[in-house]
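Everything on this sheet refers to the single structure shown next.
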Amino acid sequence: MAEDFKNRPHYRLDFVKENTFSILWSVRMTSAKVIIVSTAVIAGFAALIWLIIAFTPMRRLLPESLSGDLRSRYMETALRLDSLEQTARINDAYIANIVAIMRDDLPEDSALQLAAAQVIASDSLLMASESERQFVREYEEEERFNLSVLSPIAAEGMIFGSPAGSITKAEAFSTQGMRIITPRNIPALAVYRGSVVDVSTGSEGLSTVIVQHPNDFLSIYSGLSDVYVAKGRKVSAAQGLGTGAGDSFTFELWHNGTALDPQDYISFE
């Protein structure tokens, strides 16, 4: 019976002045109050941390919160840095070989190894002509700074829409364009948000609209009889740009000056 009248445990937090040992502030709490206060303090700190991350520039430190533009630029920079490191290693090896030759420290068998490597690298049965070697040099020079392989990386996080509200048929008319056939009076649509950088009219009276998108993407809509936008205007995704002449127009997609196959980025079904 004595246990039924036993007092519940209480806890007290005292703030004591050290010089006089006088109690400045005292708080008494039961076990339930200790749990409630501790939970409230932890929840308050968690809410404060969330507010700091959500409404300050610190949110950019989280990888999943990066925008598509910034993420693609980080990846492109990482690829460029890797290429520069490889080029630096090649240059260091080349300079080391020159220094070794000037100091006469080149191993005796190095010349034989170099000659053997040259023999293996070349085709002993069919030697390349001077015109073939010139073609290879020109091709390597043109492709040295070709960053078309980065286009899929740059497009990460970007969802391109259809270039028309309704497509009857889409067929490739060249290596970098599609001929879009639509029902009557169906307009051409912007495949992604961006800015109209040019609106021009050809000799046949048909217009071309060029839209600049994020991450250095360009979309080109040619063969339009009516144009709804002007140069310098901001457009959103799926916004009407014009109507194709004869219920058709051509569409092209470019990245960094390189023509892309639109079918790799857009579904025309």
Side-chain angles (χ1 to χ4, degrees), residues 1-93 95-96 145 147 149-161 190-197 211-219 232-239 255-256 265-267:
M1 296 295 295
E3 294 181 356
D4 296 339
F5 297 98
K6 187 177 181 180
N7 292 333
R8 296 180 179 179
H10 287 72
Y11 303 91
R12 188 174 70 178
L13 177 64
D14 294 333
F15 291 87
V16 181
K17 188 176 181 179
E18 186 177 359
N19 295 337
T20 61
F21 295 100
S22 58
I23 299 177
L24 301 179
W25 186 46
S26 179
V27 179
R28 296 181 71 252
M29 293 182 291
T30 62
S31 300
K33 288 185 178 180
V34 170
I35 295 175
I36 293 173
V37 171
S38 301
T39 304
V41 171
I42 294 174
F45 274 110
L48 179 61
I49 294 173
W50 179 83
L51 289 173
I52 292 175
I53 295 177
F55 298 100
T56 64
M58 289 185 65
R59 67 179 181 273
R60 296 184 178 179
L61 298 177
L62 301 177
E64 64 273 10
S65 65
L66 293 176
S67 63
D69 298 354
L70 191 58
R71 186 185 299 111
S72 62
R73 292 186 182 276
Y74 280 165
M75 298 182 70
E76 183 174 346
T77 301
L79 291 175
R80 290 176 182 269
L81 181 60
D82 183 68
S83 299
L84 289 175
E85 290 179 352
Q86 183 177 1
T87 303
R89 288 194 296 267
I90 294 174
N91 291 337
D92 290 342
I95 294 174
F145 303 104
L147 301 179
V149 295
L150 300 177
S151 298
I153 299 175
E156 184 180 352
M158 301 175 66
I159 301 177
F160 293 100
V191 296
Y192 200 77
R193 61 180 173 85
S195 302
V196 178
V197 295
V211 180
Q212 174 73 61
H213 304 290
N215 295 355
D216 298 324
F217 282 93
L218 274 176
S219 59
R233 180 176 176 180
K234 299 285 186 181
V235 295
S236 58
Q239 180 174 338
H255 175 251
N256 247 348
Y265 301 86
I266 300 173
S267 175

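- In plain terms, the two heavy atoms of Ser236 and Ala190 that are nearest each other are O-CB, 3.6 Å.
- Counting only residues at least two apart or on different chains, no ring pair (Phe, Tyr, Trp, His ring centres under 6.0 Å) pair has a member in residues 28-48.
- Distance CG/Asp92 to OG1/Thr87: 10.5 Å, rounded to 0.5 Å.
- Within a 6.0 Å sphere centred on CD of Gln86, heavy atoms belonging to other residues, nucleotides or ligands number 12 at most.
- Of the inter-residue distances, the one linking Asn256 atom CG with Leu218 atom CG reads 9.5 Å to the nearest 0.5 angstrom.
- Separation of atoms CZ (Arg193) and NZ (Lys234) is listed at 9.0 Å; rounding is to 0.5 Å.
- A side chain to side chain contact (heavy atoms under 4.5 Å, CB included) with Thr39 holds for exactly one of Val37, Val41, Ile35; it is Ile35.
- Smallest separation of non-hydrogen atoms from Ile266 and Gly161: CG2-O, 3.5 Å.
- Classified by interplanar angle (parallel below 30°, tilted 30° to 60°, perpendicular above 60°), the ring pair His255/Phe217 is tilted.
- Between Phe160 and Tyr265, the ring planes lie perpendicular to each other; the angle is over 60°, past the 30° to 60° tilted range.
- Legend: residues meeting side-chain hydrogen bond (donor to acceptor under 3.5 Å, both in side chains) with Ser22, ordered by chain and number and at least two apart, are Thr20.
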